[in-house]
Amino acid sequence: MERKKTSLSKFFDIVNGLENIVLAIMVVGMIVTILIQIIGRITGKPAAWTEETSRYLFLWMMFVALAAGFNQAESSRVTLLVAKGPKWLRQFSEILYAVIVVAFFGFMIVYGAQVVQQQIMMNEVGTALPIPMSIIGICQPVAGVLGIIGVLQSFLEYHGNIVVEGKTKKDKKVKEG
């Protein structure tokens, strides 16, 4: 997929790099934690903290990966619906898509921040792993911010790279040729 360089490209590269680092840490952390859990069960000395830790690492990984999927317009799209829909929908599909996705990530930020505030007010901590639950809960608003940045990157640097059947005459010629 061809990338158009913009004045924000360096910023996007930094954000993408940080996402990749966080994702790598979460995957390695999950592998190590689950191996400890397996070894503990085999030896008859399971560690209570491993199940909760792997769940928390998975939550962080899932939310950051969700946001990262929008960086290069790699997220799933309902192209069949757009292709079979009315002409106005085909013409404005990318803008409509961006608006809906940004609204979704905005929802994640607002309500995720409210959950984190509640966790802080209630002094919530994990059961087997006594860490503040706000450290886990903050992954949702963080993912919302990263997702909006990803949509912005997708729209600025990869705009027009997603071919929707029947969107324009040019697309029809490309498909036919």
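For this chain, numbers begin at 1 and follow the sequence in order.
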Starting at [atom1] of [X], measure out to [atom2] of [Y] and round the result to the nearest 0.5 Å.
X: S54; Y: L59; atom1: OG; atom2: CG; answer: 10.0 Å
X: L156; Y: S7; atom1: CG; atom2: OG; answer: 8.0 Å
X: F105; Y: Q140; atom1: CZ; atom2: CD; answer: 11.0 Å
X: I135; Y: I120; atom1: CD1; atom2: CD1; answer: 9.5 Å
X: Q153; Y: F11; atom1: CD; atom2: CZ; answer: 9.5 Å
X: L57; Y: M62; atom1: CG; atom2: CE; answer: 12.5 Å

- May I ask you to test the F104-I148 pair for a side-chain heavy-atom distance under 4.5 Å? no
- Query: Do F12 and L152 have side chains that get closer than 4.5 Å, going by heavy atoms?
  - Reply: yes
Please name the pair of heavy atoms, one in [X] and one in [Y], separated by the smallest distance, quoted to 0.1 Å.
X: A67; Y: A143; answer: CB-O, 3.4 Å
X: F155; Y: A98; answer: CD1-CB, 4.3 Å
X: P141; Y: A113; answer: CG-N, 3.9 Å

- Message: Can you list everything that forms a ring pair (Phe, Tyr, Trp, His ring centres under 6.0 Å) with F63? Sequence neighbours excluded, please.
- Response: none
- I131 vs I136, side-chain contact (heavy atoms from CB on, under 4.5 Å): CA-CA, chis, key distance, verdict: CA-CA 9 Å; I131 61 170; I136 309 309; 3.9 Å; yes
- Query: By side-chain hydrogen bond (donor to acceptor under 3.5 Å, both in side chains), which residues pair with Q114, not counting sequence neighbours?
  - Reply: none
- Query: For G150, does its backbone N or O pair with a side-chain atom of S154 as donor and acceptor, under 3.5 Å?
  - Reply: no
- Message: Taking M133's backbone N and O only, do any of them form a donor-acceptor pair with E124's side chain (distance below 3.5 Å, no angle check)?
- Response: no
Please table the atom pairs, donor to acceptor, closer than 3.5 Å between any side-chain atom in residues 19-48 and protein atoms at least two apart or in another chain.
residue	atom	partner	partner atom	Å
E19	OE1	N71	ND2	2.6
N20	ND2	N16	O	3.3
T33	OG1	G29	O	2.7
T43	OG1	I39	O	3.0
T43	OG1	G40	O	3.2

- Look at the side-chain heavy atoms of Ile, Leu, Val, Met, Phe, Trp and Tyr, link any pair under 4.5 Å apart, and say whether V115 and I109 land in one connected group. no
